[in-house]
Amino acid sequence: MDTAQTICISGASSGFGAACAREFGKDKQARLILLARSADKLQSLANEIGPERTLILPLDIQDKFQVIEAIETLTEPFRAVDILVNNAG
């Protein structure tokens, strides 16, 4: 049985969102989905945390079509989100 939690953080590229990602990232079993507009900042953060257990989704959370597409295309093991940190904007 998989006991690792999947955490989705919006606004993860800086500030509170990035701090949350780093804190959750201390749990080496946690999987993180990081959302923000800046792909470069998300990739840098993913590299810091561990790219093998981090999924970055560069998108504008205000664009509902981008959000729907991102959610619909999530793959295992990221599909079942256990914790949502709704931090964007």
**Request:** Work out which heavy atom in I61 is nearest to a heavy atom in S10; give both atom names and the distance.
**Result:** CD1-CB, 4.2 Å
**Message:** Can you give me the closest heavy-atom contact between G25 and I49, atom names plus distance?
**Reply:** CA-CG2, 3.9 Å
**Item:** Single-linkage hydrophobic cluster, 4.5 Å side-chain cutoff, F24 and I33 together
**Value:** no
**Asked** For the side chain of S44 and the backbone of D40, is there at least one donor-acceptor N/O pair under 3.5 Å apart?
**Response** no
**Interatomic spacing from CZ in R31 to CD1 in I83 - rounded to 0.5 Å** = 11.5 Å
Sequence neighbours left out, cut at 3.5 Å: what donor-acceptor pairs do the side chains of residues 68-78 make with other protein atoms?
residue, atom, partner, partner atom, Å
T73, OG1, E69, O, 2.9
T73, OG1, A70, O, 3.2

**Fill in**
Nearest heavy-atom contact between I56 and A39 is CD1-O, 4.2 Å
**Request:** Would you give the length of the straight line joining atom CG of N47 to atom CG of L42, rounded to the nearest 0.5 angstrom?
**Result:** 11.0 Å
**Prompt:** Of the non-hydrogen atoms in C8 and L35, which two are nearest, and what is the gap between them?
**Reply:** SG-CD1, 3.3 Å
**Request:** State, to 0.1 Å, how close A36 and A12 come at their nearest heavy-atom pair, and which atoms those are.
**Result:** CB-N, 4.0 Å
**Request:** Find the distance between CZ (R37) and CD (Q66) and round it off to the nearest 0.5 Å.
**Result:** 10.5 Å
**Cluster link L34 to F16, ILVMFWY, side chain under 4.5 Å** = yes
**Prompt:** Tell me, which pairs form a salt bridge (charged side-chain N to carboxylate O under 4.0 Å, His left out) where one or both residues lie in residues 48-65, sequence neighbours left out?
**Reply:** R22-E48
**Asked** Same cluster for L57 and I9 if Ile/Leu/Val/Met/Phe/Trp/Tyr side chains link at under 4.5 Å?
**Response** no
**Asked** Can you name the nearest heavy-atom pair linking I7 to A30, along with the distance?
**Response** CD1-CB, 3.8 Å
**Asked** Same cluster or not: are L45 and L55 linked, directly or through other Ile, Leu, Val, Met, Phe, Trp or Tyr residues, by side-chain heavy atoms under 4.5 angstrom apart?
**Response** no
